Asks: 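The structure's right below; bear with me while I get my questions together.
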Amino acid sequence: MEPQARRAGRPPQDASRRLERAHRILDIAGDLILRWGYDKTTIDDIARRAGVAKGTIYLHWRTREELFAALLRRERVEMLSQVRLRVAEGPGTLRDLLGLLASELLRRPLMRASLLGDSEVLGKLTRLKRSSGAAADLPTGFETYLGALLRLGALRADLTPAEHVVALASVLYGFLLVPQMMPEGYALPDERLAELLADAGSRAVEAGGPVPAGNARAISRATLEFADLAVETAQRKLRASLGSEEPGKSGTSGASGKSVTGPEKSATSLEENAT
């Protein structure tokens, strides 16, 4: 019996080529949104610049909002992956983590716009984020991480968990917002701003005095585990946005097409926060 002929129509799309095309579309979308803003960037604009049909984009994402969510998720993976690599170099304190997060945020305009709800970039998405409470999302496992630091004597015991979070969030948002309001003569380089942010944040919540050597090692492990978990969760969400979720897969491609490596070990000692 002769094999049945394959049905005519569109040839099957190789998964790697499909993923490469999705990243190319996201590259174009990111460039246009930063240039024109979300409200003025259409699917037609993105398709034309990417050299694909409009319908091809809808094969990846059903709406423009879903495409933009995928773009932000990719930025988050790349940002957290860089932070994780630097955290692994040690010593891995809260101060180090704050400085690394601030430094990466400051050099990524889409992430900064998302965090601050920049209406010039995000347009109507700013209102959606505020109405849903998404603008106040904390990184996965952050509260659990702070709890571990508190038990290890690294944080002020006179503050409640909520006060630790509010103090750190206030420092972060303040250092990102205030420079935009200052006269030109007060502008600081991003790296210096990140250093000041880390210093202010750590002074606000960290306990005074040195911690025992054993606790210092445990703090470093807790910081790395938090970074591992944050990357792991961000990667999973990105894979879902790209339609490439596969069991056991821990990495994905970044904007450059290079692999974004996943955590070297599972962060089993931290609970996953549903963000």
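Values reported hereafter were calculated over all heavy atoms of this structure, with side chains retained and with hydrogens, waters and symmetry mates removed. Fair warning: this is a prediction, and the values are worked out from it, not measured in the lab.
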Asks: Between Arg192 and Glu195, is the closest basic N to carboxylate O distance under 4.0 Å?
Replies: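 A salt bridge is present here (some side-chain N lies under 4.0 Å from a carboxylate O).
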Asks: Please check this pair: side chain of Ser202 against backbone of Asp199, looking for a donor-acceptor N/O pair closer than 3.5 Å.
Replies: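 At least one qualifying donor-acceptor pair exists.
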Asks: Please name the pair of heavy atoms, one in Met111 and one in Arg76, separated by the smallest distance, quoted to 0.1 Å.
Replies: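 Shortest heavy-atom contact: SD-N, 3.8 Å.
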Asks: Can you measure from CG (Leu32) to CZ (Arg49) and round to the nearest 0.5 angstrom?
Replies: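 Leu32 atom CG to Arg49 atom CZ measures 5.0 Å (nearest 0.5 Å).
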Asks: Leu101 vs Leu172, test: side chain to side chain contact (heavy atoms under 4.5 Å, CB included). Steps then yes/no.
Replies: CA-CA 10 Å; Leu101 283 170; Leu172 174 63; over 6 Å; no
Asks: If you round to the nearest 0.5 Å, how far is CZ of Arg35 from CD1 of Ile33?
Replies: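 That separation rounds to 12.0 Å.
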Asks: Any idea which heavy atoms bring Leu146 and Leu155 closest together, and the distance?
Replies: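 So the two residues come closest at O-CD1, 3.4 Å.
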Asks: Check this for me, if you would: do Asp118 and Arg112 make a salt bridge, where the nitrogen-to-carboxylate-oxygen distance has to be below 4.0 angstrom?
Replies: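 Looking at Arg112 together with Asp118, the answer is no, because their closest N to O distance does not fall below 4.0 Å.
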Asks: State plainly whether the residues Asp44 and Arg48 are in salt-bridge range, i.e. N to O under 4.0 Å.
Replies: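 Salt bridge: no.
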Asks: Is the positively charged end of Arg64 above the ring of Tyr38, judged by distance under 6.0 angstrom from the centroid and angle within 45° of the axis?
Replies: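 Yes.
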Asks: Can you check whether Leu110's main-chain N or O pairs, donor with acceptor, with Ser114's side chain at less than 3.5 Å?
Replies: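 No, because the side chain of Ser114 does not come within donor-acceptor range (under 3.5 Å) of the backbone of Leu110.
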Asks: Inspect the contact between Arg74 and Asp27 and indicate whether a charged nitrogen and a carboxylate oxygen are less than 4.0 angstrom apart.
Replies: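 A salt bridge is present here (some side-chain N lies under 4.0 Å from a carboxylate O).
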Asks: I'd like to know whether Ile25 forms a side chain to side chain contact (heavy atoms under 4.5 Å, CB included) with Trp61, so could you lay out the CA-CA distance, the side-chain angles of the two residues, the decisive distance to 0.1 Å, and finally the verdict.
Replies: CA-CA 11 Å; Ile25 292 169; Trp61 303 282; 3.7 Å; yes
Asks: Can you name the closest pair of heavy atoms from Ala70 and Ser241 and give their distance?
Replies: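 Minimum heavy-atom contact is CB-CB, 3.7 Å.
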Asks: Please name the pair of heavy atoms, one in Asp190 and one in Leu106, separated by the smallest distance, quoted to 0.1 Å.
Replies: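 In this case the closest contact between Asp190 and Leu106 is O-CD1, 3.4 Å.
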Asks: How long is the span from the CG atom in Leu26 to the CD atom in Glu75, to the nearest 0.5 Å?
Replies: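 Spacing of CG (Leu26) from CD (Glu75) equals 9.5 Å.
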Asks: Would you please test Val211 and Ile219 for side chain to side chain contact (heavy atoms under 4.5 Å, CB included) and show each step?
Replies: CA-CA 10 Å; Val211 297; Ile219 289 167; 4.0 Å; yes
Asks: Any ion pair linking Glu104 and Arg107 (charged N to carboxylate O, less than 4.0 Å)?
Replies: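 Between Glu104 and Arg107 there is a salt bridge, with a charged N closer than 4.0 Å to a carboxylate O.
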Asks: Pick from Thr93, Val171, Leu168: which one makes a side-chain contact (heavy atoms from CB on, under 4.5 Å) with Leu98?
Replies: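 Option passing the side-chain contact (heavy atoms from CB on, under 4.5 Å) with Leu98: Leu168.
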Asks: Test side chain to side chain contact (heavy atoms under 4.5 Å, CB included) on Thr42 and Asp45 and set out the steps.
Replies: CA-CA 5 Å; Thr42 67; Asp45 295 327; 2.9 Å; yes
Asks: Quick check on Arg24: does its CZ atom have over 12 non-hydrogen neighbours (other residues, nucleotides or ligands) under 6.0 Å away?
Replies: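 Yes - once you tally the heavy atoms of other residues, nucleotides and ligands closer than 6.0 Å, there are more than 12.
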Asks: Are Leu116 and Val178 connected in the hydrophobic side-chain network, where two residues link if heavy atoms are under 4.5 Å apart?
Replies: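 No; Val178 is not reachable from Leu116 via cluster members.
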Asks: Looking at Gln82 and Glu78, would you say the former's side chain and the latter's main chain have a donor-acceptor pair under 3.5 Å?
Replies: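 The answer is no, because no donor-acceptor pair under 3.5 Å joins these two groups.
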Asks: For the atom pair CD1 (Ile43) and CD1 (Ile46), what is the distance rounded to the nearest 0.5 Å?
Replies: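 Here the interatomic distance stands at 4.5 Å.
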Asks: Is a donor on one side and an acceptor on the other found under 3.5 Å between the side chain of Glu232 and the backbone of Asp228?
Replies: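 It does not hold such a pair.
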Asks: Can you see whether Ser103 engages Glu191 through a side-chain donor-acceptor pair at a distance of less than 3.5 angstrom?
Replies: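 Short answer, yes.
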Asks: For residues Arg18 and Leu59, report the shortest heavy-atom separation together with the two atoms involved.
Replies: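 Closest heavy-atom pair between Arg18 and Leu59: NH2-O, 2.9 Å.
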Asks: CE/Met181 to OH/Tyr186 distance, rounded to the nearest 0.5 angstrom?
Replies: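 Output value for this atom pair is 15.5 Å.
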Asks: Is the side chain of His164 donor-acceptor paired with the backbone N or O of Ala204 at a distance under 3.5 Å, no angle test?
Replies: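 No, the answer is negative, given that no donor and acceptor are paired below the 3.5 Å cut-off.
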Asks: Taking all non-hydrogen atoms of both residues into account, name the closest pair between Leu71 and Gly30 and its distance.
Replies: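 Heavy atoms of Leu71 and Gly30 come nearest at CD2-CA, 3.6 Å.
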Asks: Is the count of non-hydrogen atoms from other residues, nucleotides or ligands lying under 6.0 Å from Glu163 atom CD greater than 12?
Replies: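 Atom CD in Glu163 is crowded, with more than 12 foreign heavy atoms closer than 6.0 Å.
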Asks: Say you draw a straight line from CG of Leu67 to CG of Leu72; how long is it, rounded to the nearest 0.5 Å?
Replies: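 It comes to 10.0 Å.
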